[in-house]
Amino acid sequence: MSDMSTIEPGGPAQGVDETSLEMGIDPFERNWIRVSILLLVVFFATVSISGFALGFQVNGADQEVDPETVLDTPPWNEPGLRQISPGVYEAWVVALTWAFQPAELEIPVGSTVTIYVTSPDLQHGFKITDTNVNMQVVPGQVSKLEYTFDEVGEFPYICTEYCGRGHAIMAGTVKVVPETANGSGNESDTTSDSESDSESDSESDSESDS
Ligand code: CUA
């Protein structure tokens, strides 16, 4: 009752500190606002670095293809692995409902492969397990990524975008084989004259690796 008597209509109560009536932000809330702003800065930096420093960009006009005719257009009419120079390859992969062409890529260990993927029908995904190769495959666009396969083994590639009934079975395999297994390794700068050596090496290599 005594408190009520001190309140005057139209003004602050007598004896109440005026600063406490000003709008303030709770310290706990203020810290969360700071965290939120920091996260925005981190996200912005991440997107900027991956976009401009690492080159993750939306495909340009030079990477467009006609999905209607792409399967008849070189090099897409013969998808597969192509050697550019010792240890340097290009892989041309078509993702379509519901398979990858080719279903297997055999790559000598240590090789750097530029992977090109496109789709003639629906949106698909191309992810090679246990690597950071993971691309969206959009009809009319060519997705491209470079990767060096440093480890011998089998790395399945799978579709990561739901594309219908066969999505779950849409897969293939990268087989990273010992360097000398097919005579076209990374260090064979001297090309053809290393053939006899690589033949004998491949036997012992594959045995020790398996
Ligand atoms: Cu193709 Cu999912």
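Just so it is clear, the structure is predicted and the values come from calculations on it, not from any experiment. Order of appearance sets the numbers: ligands from 1, and atoms from 1 within every ligand.
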Enquirer: When you measure from atom 1 (Cu) of ligand 1 to each N, O or S atom of H124, which atom gives the shortest distance?
Expert: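 The nearest such atom is ND1.
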Enquirer: Suppose we call two aromatic rings close when their centres sit under 6.0 Å apart. Are Y147 and F149 close by that rule?
Expert: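 Between Y147 and F149, the centre distance is under 6.0 Å.
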Enquirer: Round to 10° and report the angle made at atom 2 (Cu) of ligand 1 by ND1 of H167 and O of E161.
Expert: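 Angle ND1(H167)-atom 2 (Cu) of ligand 1-O(E161): 90°, rounded to 10°.
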Enquirer: N/O/S of T97 less than 2.8 Å from atom 1 (Cu) of ligand 1?
Expert: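 Given the 2.8 Å cut-off, T97 does not count as a ligand of atom 1 (Cu) of ligand 1.
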Enquirer: How many angstroms lie between atom OH of Y157 and atom OG1 of T129, to the nearest 0.5 angstrom?
Expert: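 Taking OH in Y157 and OG1 in T129, the distance rounds to 11.0 Å.
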Enquirer: How large, to 10°, is the angle at atom 1 (Cu) of ligand 1 when you draw lines to SG on C159 and to SG on C163?
Expert: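 Between SG of C159 and SG of C163, the angle at atom 1 (Cu) of ligand 1 is about 120°.
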Enquirer: When rounded to the nearest 0.5 angstrom, what distance separates CD1 in I115 from CD in E90?
Expert: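 So the gap between those two atoms works out to 11.5 Å.
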Enquirer: Taking atom CD1 of I33 and atom CD1 of I25, what is their separation to the nearest 0.5 Å?
Expert: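 Taking CD1 in I33 and CD1 in I25, the distance rounds to 5.0 Å.
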